[in-house]
Q: 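Have a look at the structure that comes next, please.
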Amino acid sequence: MNPTDTSAPSNFIHEMIEKDLETGRFDGRVQTRFPPEPNGYLHIGHAKSIVLNFGIAQKYNGKCNLRFDDTNPTKEEEEYVRSIIEDVRWLGYDWGERIFYASDYFDQLYKWAVQLIETGHAYVDDLSAEEIRAYRGTLTEPGKNSPYRERSVEENLDLFERMRAGEFPNGAKVLRAKIDMASPNMNLRDPVLYRILHAPHHRTGDKWCIYPMYDFAHGQSDSIERVTHSICTLEFENHRPLYDWLLDTLGIYHPQQIEFARLNLSYTVLSKRRLIELVENSYVNGWDDPRMPTLSGLRRRGVPPEAIRSFAERIGVARNDSIIDVSLLEYHIRQDLNKRAERRMAVLHPLKIIITNYPEGQVEMLEAVNNPEDESAGKRTVPFSRELYIERRDFNEDPPRKYFRLAPGREVRLRYGYFVTCTNVVKDEHGEIIEVHCTYDPETKGGYAPDGRKVRGTIHWVSAAHAINAEVRLYDRLFTKHNPLDAEEGKDYKDYLNPNSLEVLAGCKLEPSLSEARPGERFQFERLGYFSVDPDTTEGRLVFNRTITLRDTWAKIEKQQRK
RNA sequence: AGGGGCGUGGUGCAACGGCAGCACACCGGCCUUUGGAGCCGUGGAUCUUGGUUCGAAUCCAGGCGCCCCUGCCA
């Protein structure tokens, strides 16, 4: 946090709020809310909204509620409520006692519906869904009034009460607002307010068989909660005139709605509908699959909540449709983890090396720094012995230009160990390298050369006899296309799923200190990337997820050399 | 086509009538016991046409382009 700019407005919403604060509108209160529907898991797009709404409350000494907009019992489930609560908490926010549900307001909403009927602003319509659609008109042609539009107040009251009492089947009748069937804004062409749904609700059970539409619940819920600034995404701007109409004809407290552009991220999709499709059709292994842009997926992947927050703050808030480059998220993840993750050595693709002049049976405990970015993280020791594993890619029999690692006759530094020189390569009958022989210089213990000679390469290693085995799961972007929704003719986003988004490595070799690692813990495997312990880990079976690689400038050089 | 919204480097976000800036990405260099991190640096943008003005990314008008709206979803 930069103390010099805490007062500076950082986006247009902050500016509006500050203006309201200055003019005394809302009596100087700031009240926001995060209003998810519990019909799916939260994703990083929601994180943008959460950080915005809770961040505003923090910045202006206000409050932010958590409210579930649970007006459709056929799509909503308790499991989603549970996961949403967990995810918002994990992100680091607290709503105190202020957890609400639109379903808490069903009684009040019903009364307001009656009030609209009594004042001649709503009516019960017997038209079928298809007929209502036909009567609605099109974007360019006005709609027609329903033949049931002029029913008497008494008849409407009676019918609505009988809807509530369960006398009619699903779809037989709806309650509609009486506004204007010729409005250029489709939302004002007598929108449906209540529909009949004989379905149990996850909170109200069998109490209701009619449920308010989102449009009839959202604005009033904000009103009930005395929300000052009701922040939502751009597609609801067209609904604002309806919310205004409802609030004003009801004569109740009127929050200010402000719309902003939702987050889009490159190489992924951020819509609940599509994420549900990926989960239900097993394109991924559940909502918390580490490839998913869900908060539970990112968490399992090892992404710290702090990284998501700083990312969400960096991307800004505006009204432009945009696609944020996923590399910006990756930057924030690395930025956070670099400072906090302890370093360890791990070999993902093991190649055995034998140090022929190192005494057989000897083991030395060598000191290694836990985090060069944080001295307080301290040090640890790692065992060194005659037989080690190094990364297969850190040896090259025929090294290309600028390759600094091990090769025949070359000397490299084993990190925190010794300088070693490759003397021999052992192959099997297929010509596959199975072993590399080296000699070491006993004078270079710890990786320092007393004569001051330089080596260009430093590689990591694990003592073969002391290594522990692990499974490591490597992830790549879920989609191969920058914008998977921008599909060619006859294709859809699923055609751009990356077939190589998951690679499972068995038999990886880890330094022994990692045997203590517990699910959720994060480490940097030196020279490889950041990894976290997967919850699949059990006693005797260690599983790591690669959160993200380190920046890899060698990969760039290689790429250029291939050209 | 009716209504609503939006156009600033490759990607995002600023600049609120007065020198177009920040971050990421890209490229180059320094440094390095992680080809990590860090540090330094280069290049590159106001959709278009006209108008108002001493002065326009900003205000006005037209054009063009993109997004949203015809669920008893949210």
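In the text below, chain A, chain B and the rest are named by the order of the sequence lines, each starting its count at 1.
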Q: Between K445(A) and R133(A), name the one whose nearest nucleotide on RNA chain B is closer to the 5' end.
A: K445(A)
Q: Indicate, with a heavy-atom threshold strictly under 4.0 Å, whether K75(A) touches base, sugar-phosphate, or nothing.
A: sugar-phosphate
Q: Assign Y448(A) to base, sugar-phosphate, or nothing according to its heavy-atom contacts below 4.0 angstrom with the strands shown.
A: base
Q: I need a per-nucleotide contact map over nucleotides 24-31 of chain B, read 5' to 3'. Cutoff is protein heavy atoms under 4.0 Å; write B for the base, S for backbone only, - otherwise.
A: SSSS----
Q: With heavy atoms under 4.0 Å as the rule, sort L414(A) into base, sugar-phosphate or nothing.
A: nothing
Q: I need a per-nucleotide contact map over nucleotides 2-8 of chain B, read 5' to 3'. Cutoff is protein heavy atoms under 4.0 Å; write B for the base, S for backbone only, - otherwise.
A: BBSSSS-
Q: At under 4.0 Å between heavy atoms, what does S128(A) touch on the DNA or RNA strands: base, sugar-phosphate, or nothing?
A: base
Q: I'd like the C1' distance from U11(B) over to U49(B), given in whole Å.
A: 28 Å
Q: For I132(A), which contact category applies under a 4.0 Å heavy-atom criterion: base, sugar-phosphate, or nothing?
A: base
Q: Under 4.0 Å between any heavy atoms, over every strand shown, what does V174(A) touch: base, sugar-phosphate, or nothing? Just pick one.
A: base
Q: Just call it for H460(A): base, sugar-phosphate, or nothing, with non-hydrogen atoms closer than 4.0 Å on any strand.
A: nothing
Q: Looking at every strand, decide which applies to E526(A) at a 4.0 Å heavy-atom threshold: base, sugar-phosphate, or nothing.
A: base
Q: Step by step, would you call R334(A) with E330(A) a side-chain contact (heavy atoms from CB on, under 4.5 Å)?
A: CA-CA 6 Å; R334(A) 292 192 180 103; E330(A) 294 172 344; 4.0 Å; yes
Q: Could one point to a donor on the side chain of R189(A) or the base of U70(B) with an acceptor on the other under 3.5 Å away?
A: no
Q: Using a 4.0 Å heavy-atom cut-off across all strands, classify L193(A) as base, sugar-phosphate, or nothing.
A: nothing
Q: Scan R343(A) against the nucleic acid and name what it touches under 4.0 Å (heavy atoms): base, sugar-phosphate only, or nothing.
A: base
Q: Do H332(A) and A23(B) share a donor-acceptor pair, side chain to base, under 3.5 Å?
A: no
Q: Looking at every strand, decide which applies to Y418(A) at a 4.0 Å heavy-atom threshold: base, sugar-phosphate, or nothing.
A: nothing
Q: Indicate, yes or no, whether a donor-acceptor pair under 3.5 Å links the base of U70(B) to the side chain of E141(A).
A: no
Q: Among C73(B), G12(B), G36(B), which nucleotide has an atom closest to any side-chain atom of I315(A)?
A: G12(B)
Q: To the nearest 0.5 Å, what is the distance between CD (E78(A)) and CG (D70(A))?
A: 9.5 Å
Q: Between G12(B), G35(B), U34(B), which nucleotide gets closest to the side-chain atoms of P372(A)?
A: U34(B)
Q: So what does V317(A) touch, heavy atoms closer than 4.0 Å: a base, only the sugar-phosphate, or nothing?
A: sugar-phosphate
Q: Using a heavy-atom cut-off of 4.0 Å across all strands, would you classify A318(A) as base, sugar-phosphate, or nothing?
A: sugar-phosphate
Q: Which nucleotide in the set G12(B), G35(B), A74(B) lies at the smallest distance from any side-chain heavy atom of R405(A)?
A: G35(B)
Q: Which nucleotide sits closest to the side chain of N338(A): U34(B), A37(B), C22(B)?
A: A37(B)
Q: Counting side-chain heavy atoms from CB outward, which of G12(B), G36(B), U34(B) is closest to T553(A)?
A: G36(B)
Q: Remember a base hit wins even if backbone is also touched, and classify R413(A) as base, sugar-phosphate or nothing at under 4.0 Å, heavy atoms.
A: base
Q: For the aromatic rings, using the six-membered ring if either is Trp, is the centroid distance between F236(A) and Y214(A) under 6.0 Å?
A: yes
Q: Please measure how far the P atom in G5(B) lies from the corresponding atom in G44(B), and state the result in whole Å.
A: 36 Å
Q: For L329(A) and A23(B), what is the distance between atoms CG and C1' respectively, to the nearest whole Å?
A: 14 Å
